[in-house]
Amino acid sequence: MLFLRYWRERASEAASDALRGVQAVRHRETRDHAVELFTLKQQITGTPKMQGEVSNLQHENRRLQRQLKATGTRAELIAQENRRLRAVQDGLVAGGKAFARENGLDEKALVTRLHTAAKEALDAFDAPAANPAVKAKAATKARTTLQPKPAVEAVEHALKTKPVVQEQVREKPGVEHRIKPKDDAWDDGH
């Protein structure tokens, strides 16, 4: 009996050892699967640092999209203003030609003078942008009086003959408001 008991204990220990071995193998497999799953999840979603970078990039992308939209709107407004100025220019040239015909002047000479005057005006307007401001030790201003050219005088005369519509502006009565500083208490008794 003792012998049998001894073999039972040995068999029980062997079975327990085998079960512990299987358990250890299962534990390692579960741990390996968890590591593999975590690695795959990081590849799909990224690390927390990568997720933060993606979030920052998405925020920057939205900001740039807003800037792009605003730039597109400004570009459209500038293009609209350019078309408007082109229409004004065409109207001035047509008006100058009509004025020249009515007064027996040379149309080509008048148009040439109009274009020359417009180019000079644009050059004068663009000159400060082309030449950066240079600080001088003693700034002096020279007053020059521009003499209008005959073509410009003709255009000015044509513009003066058109009726001018003026807006009526109503002045609002002056209203004074007392604003207390934030550090004053409203119920301070003063």
Checklist line | Gap separating the CZ atom of Arg66 from the NZ atom of Lys69, nearest 0.5 angstrom | finding: 10.5 Å

Checklist line | Spacing of CG belonging to Leu92 relative to NZ belonging to Lys97, to within rounding of 0.5 Å | finding: 12.5 Å

Next item on the list: State plainly whether the residues Lys119 and Asp123 are in salt-bridge range, i.e. N to O under 4.0 Å.
Entry: yes

Checklist line | Any residue meeting side chain to side chain contact (heavy atoms under 4.5 Å, CB included) with Ser12, in chain and number order, not counting sequence neighbours | finding: Ser16

Margin query: By the salt bridge (charged side-chain N to carboxylate O under 4.0 Å, His left out) test, which pairs, at least two apart or in different chains, include something from residues 33-61?
Written below: Glu60-Arg63

Note to self: For the CD atom on Glu81, are there more than 12 heavy atoms of other groups (residues, nucleotides or ligands in this structure) within a distance under 6.0 Å?
What the structure shows: yes

Checklist line | Reported CG-to-NE2 distance for the pair Leu64 and His59, which is rounded to 0.5 angstrom | finding: 9.5 Å

Next item on the list: Check for a donor-acceptor pair, side chain of Thr71 on one end and backbone N or O of Gln67 on the other, with a separation under 3.5 Å.
Entry: yes

Item checked: From Gln89 atom CD to Leu85 atom CG, the distance as rounded to the nearest 0.5 Å -> 9.0 Å

Next item on the list: Return the set of residues passing salt bridge (Lys or Arg N to Asp or Glu O under 4.0 Å) with Asp106 (not counting sequence neighbours), or none when no residue passes.
Entry: none

Notebook entry, point to check: Nearest 0.5 Å, what's the CD1-OG1 distance between Ile78 and Thr73?
Noted result: 11.0 Å

Next item on the list: For residues Asp17 and Arg20, report the shortest heavy-atom separation together with the two atoms involved.
Entry: OD1-NH1, 3.0 Å

Checklist line | From Thr30 atom OG1 to Gln23 atom CD, the distance as rounded to the nearest 0.5 Å | finding: 10.5 Å

Check: Would you call Leu77 and Gln80 a side-chain contact if the rule is heavy atoms closer than 4.5 Å?
Finding: yes

Checklist line | Where Leu114 and Val93 come nearest, the two heavy atoms and their spacing | finding: CD1-CA, 4.3 Å

